[in-house]
Protein chains: 2
Amino acid sequence: MYKVIVISRQFGSGGRTIGYETAKLLGIPCYNREITQEVSKNCGFSMEYIDDHGEYANHRSWLGRAFDSQSRLNGMSNQDKIWIEQRKVILELAKSPCVIVGRCADYILADNDEVLKVFIHADDRFRAERIVKLYGESAEKPEKRLKDKDKRRSAYYKYYTETEWGVASNYHIALDSGKLGIEKCVEILADLYKNTNS
Amino acid sequence: MYKVIVISRQFGSGGRTIGYETAKLLGIPCYNREITQEVSKNCGFSMEYIDDHGEYANHRSWLGRAFDSQSRLNGMSNQDKIWIEQRKVILELAKSPCVIVGRCADYILADNDEVLKVFIHADDRFRAERIVKLYGESAEKPEKRLKDKDKRRSAYYKYYTETEWGVASNYHIALDSGKLGIEKCVEILADLYKNTNS
């Protein structure tokens, strides 16, 4: 049986909602911003700072830092400190049945046979409509916001895991929430969790 | 409702078996080598020649040809002729409910809303054991055979579709047959076909 479901997701695909709904159906907790909260408590950075540095490459400083070996030699960056703390929190949470959304949990728990690794994605139209509905309009076009968020998540993922984000073979199941519907995705994952032996 | 299921698959992942079993369960036909047969009838190449040129980049001549604009200017290659004929056969077959395995059908039918696009993959150990069981031992190690076949499929796919093979967002559902089990994959796909509205 699976003990933990980890969900990676494109921005606006409904991956977080699918995580919470699946967990609710299974009667287990779902962790997303709860992880940020725990990391904040343990290492002192604010929730907002962790949100921005615990899953996203930061355009302004990222590429410069990533390729500047000097700044790595001088010690850990704040982003590294958050990565290490986040990793600890995730390894601890995964000792009990739960759903974990984002934060490279698929990579961090890769050696754990009781983990079901999920990727949720959808086409741009579905996601653009969804983020406007959820987060409201902003000065930037929704398509631009999607592209930017995905690019930063993907760069963050690649930097810390050295593998590509969104490649099918890195996940046990990848679902198009726009095509299949969020409800159907929840149903498939809950069914797998309940019935499949790993 | 979906009318057609198209399955792309890593070599040895059981994608073909999943295709036939799903089709059987749904009472619709599954096309794989049947496509080769039809193409052979229409354009005269042998089944073996089409098998080798209708889904695989050919190491010996491929890269040379792909980047040699002179040979493209001189007219269509045999591989191009097979691609065009195969495309025609697939568009014709997709007019009726069926399962189609391989041959870039996901790309050829991308504009068809009634198509469910599937990718099947598994880890190297599962696939290596499977191909030895199915096709027997050969002089080449199974891991080498897997890598070679996947590389040639991927290069063929990229050449004709200009998109990456195996990227999760190109499919509506991607499944790890080694982790989930072939039977479970069949069950999920048959259920989606029967119950989901597109």
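In what follows, every chain begins at residue 1, and chains take the letters A, B, ... in the order their sequences are listed.
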Heavy-atom contact with chain B under 4.5 Å, split by part of A:Leu175: both
Does A:Leu116 offer a backbone N or O that forms a donor-acceptor pair with the side chain of B:Lys179 under 3.5 Å? no
Compare every heavy atom of A:Leu180 with every heavy atom of B:Tyr2, then report the nearest pair and how far apart it is. OH-CD2, 3.5 Å
When hydrophobic residues are tied together by side-chain contacts of less than 4.5 Å, even through go-betweens, does B:Val167 share a cluster with B:Tyr157? no
Do A:Ile120 and A:Ile131 land in one hydrophobic cluster if side-chain heavy atoms of ILVMFWY residues count as linked below 4.5 Å? no
What do you reckon, is CZ of B:Arg16 surrounded by more than 12 foreign heavy atoms closer than 6.0 Å? no
Does the B:His121 side chain pair with the main chain of A:Asn170, one donor and one acceptor, at a distance under 3.5 Å? no
Just how far is it from atom CD1 of B:Ile173 to atom SG of A:Cys185, taken to the nearest 0.5 Å? 8.0 Å
Heavy-atom pair with the smallest gap, counting every atom of B:Lys184 and A:Asp191: NZ-OD2, 2.9 Å
Among B:Gly166, B:Ser13, B:Ser177, residue most engaged with chain A (heavy-atom pairs, under 4.5 Å): B:Gly166
Side chain, backbone, both or neither of B:Glu187 within contact of chain A (heavy atoms, under 4.5 Å): side chain
In the single-linkage hydrophobic clustering (I, L, V, M, F, W, Y; side-chain heavy atoms under 4.5 Å), do A:Phe11 and A:Phe119 co-cluster? no
In terms of hydrophobic clustering (I, L, V, M, F, W, Y; side-chain heavy atoms under 4.5 Å; direct or indirect links), are A:Tyr159 and A:Val39 co-clustered? yes
Tell me whether A:Arg125 at atom CZ has more than 12 heavy atoms from other residues, nucleotides or ligands lying less than 6.0 Å away. no
Hydrophobic clusters here meaning ILVMFWY residues chained together by side-chain heavy-atom distances under 4.5 Å, can you tell me if B:Ile84 and B:Leu109 are in one? yes
Between the CG atom in A:Asp150 and the OG atom in B:Ser169, the distance rounded to the nearest 0.5 Å is 9.0 Å
